[in-house]
Amino acid sequence: MTKTNNIESIVDLQHDLANKYKAFLSDKSSVSDDLKTQIADDFDALQKNGYVIITNLLSKLELDAIRSATVPLLGGAGRNNFEGLKTQRLYSVLEKTRVIDSLAIHPRITGLLDKLFQPNFLLSQAQMINILPGEAAQPLHYDDGFYPVPRPRKPFGAATIWSIDEFTEENGATVFIPESHMLGQEIITDRSRTIPLVMPAGSVVFFLGTTWHGGGANHSQHSRLAATCQYCEPWLRPQENFFLELSQETLQKIPEQLLSMVGYSIHPPFMGMVNGMHPKRTLPDIKR
């Protein structure tokens with residue numbers, strides 16, 4: 001849309017009115033035909049099943065770097081059986097390490113998000129999850145259930161779970177109910193319909209916020225490490241308050257697309273503003 005100072009109707013307010021800082025748009029001209037085909041196939045599977053597994057996206061070198069940076073930061077076990085009484089979680093990951101930045105904005109992931117959500121979609125949360133031996137199965141749930149809008153409906157969120165360790169049925173692979181994103185208001189507790197998402201280390205499952213799933217029980221002798229990122233529409237409140245979590249030093253280091261996704265962006269006409277201006281104007285010149 002050509003910039004105009006003349007707002008004639010509410011329709012004009014639905015477009016990007018920013019002057020200097022437009023909505024973040026990936027450079028689609030640089031996307032190969034092969035990648036476009038992969039994303040289209042991923043999206044078809046996602047729409048059908050409510051999730052899609054993409055294998056072998058991370059190298060052994062990348063996996064080792066993620067383990068080395070995050071495992072020493074893991075704390076005690078969870079506070080309840082949903083977090084996991086034998087599960088370690090690392091919150092505020094983006095403030096503590098840069099090793100999952102590339103996972104949050106991986107082109108296979110953002111390509112799907114572009115198809116699901118409006119421009120300037122947001123990162124809702126990021127964390128590491130380490131399921132220890134002896135952990136019980138997590139209660140089944142769907143991730144955008146905290147948005148109080150009745151089902152069936154379109155998803156307001158989506159998520160990824162990256163297998164830093166191999167996911168097996170024995171070590172607590174996440175279980176999913178295929179096509180459960182289309183269910184209504186019923187509460188699912190019966191696990192007989194679930195299937196474990198077994199996948200090699202370096203893979204990722206992308207799933208809709210309306211898809212029923214849960215962490216599996218770890219019957220093995222080894223822990224199972226994963227990284228997870230959740231996303232939401234740009235007009236919703238994310239789970240993490242990145243404005244309080246992320247220091248100015250961190251904001252200078254994260255990629256431009258991730259900066260937009262943690263809230264330094266505008267949803268038209270002015271959601272996210274600071275003193276009537278784009279939030280990026282609050283940052284030092286290096287990001288302006």
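In this text the structure is predicted, and so the values were computed from the model without any measurement.
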### Task
Kindly determine whether L132 and T87 satisfy side-chain contact (heavy atoms from CB on, under 4.5 Å), including the steps that lead there.
CA-CA 6 Å; L132 301 176; T87 295; over 6 Å; no
### Query
Is F242 reachable from L73 through a run of hydrophobic residues whose side-chain heavy atoms are each under 4.5 Å from the next?
yes
### Heavy-atom neighbours of H141 NE2 exceed 12 at 6.0 Å
yes
### Query
Between K115 and D44, is there a side-chain N and carboxylate O pair less than 4.0 Å apart?
no
### Query
Does the pair K253/D101 count as a salt bridge with the N-to-O cut at 4.0 Å?
no
### Task
Might you confirm whether atom CD of E169 has over 12 heavy atoms from other residues, nucleotides or ligands at distances under 6.0 Å?
no
#### Entry: Approximate separation, where rounding is to 0.5 Å, of T174 OG1 and I161 CD1
3.5 Å
### Message
Is it the case that the side chains of T250 and E95 hold a donor-acceptor pair, with the cut-off being a distance below 3.5 Å and no angle test?
### Response
yes
### Message
Taking CD in Q248 as the centre, count heavy atoms belonging to other residues, nucleotides or ligands within less than 6.0 Å. Is the count above 12?
### Response
yes
### Short side-chain donor-acceptor distance under 3.5 Å, E135 and N218
no
### Message
Do Q239 and Q125 pair up side chain to side chain, a donor and an acceptor below 3.5 Å, judged on atom types alone?
### Response
yes
#### Entry: Plane angle bin for W162 and H106 - parallel if under 30°, tilted between 30 and 60°, otherwise perpendicular
tilted
### Query
Does atom NZ of K86 have more than 12 heavy-atom neighbours from other groups under 6.0 Å away?
no
#### Entry: Test log, rule side-chain contact (heavy atoms from CB on, under 4.5 Å), inputs R224 and I164
CA-CA 8 Å; R224 191 225 70 184; I164 310 306; over 6 Å; no
### Query
With the threshold set at 4.0 Å, does a side-chain nitrogen-carboxylate oxygen contact exist between K280 and E256?
yes
### Query
Is the count of non-hydrogen atoms from other residues, nucleotides or ligands lying under 6.0 Å from Q185 atom CD greater than 12?
yes
### Message
Using the rule that Ile, Leu, Val, Met, Phe, Trp and Tyr join whenever any side-chain heavy atoms are under 4.5 Å apart, tell me whether L251 and M261 fall into a single cluster.
### Response
yes
### Query
How many angstroms lie between CG in L85 and CD in Q138, if you round to the nearest 0.5 Å?
11.0 Å
### Query
Would you say the side-chain atoms of Q127 and R89 include a donor-acceptor pair closer than 3.5 Å?
yes
### Summary
Given the options F43, W212, F206, F176, Y51 meets ring-ring contact (aromatic ring centres under 6.0 Å, His included) only with F176
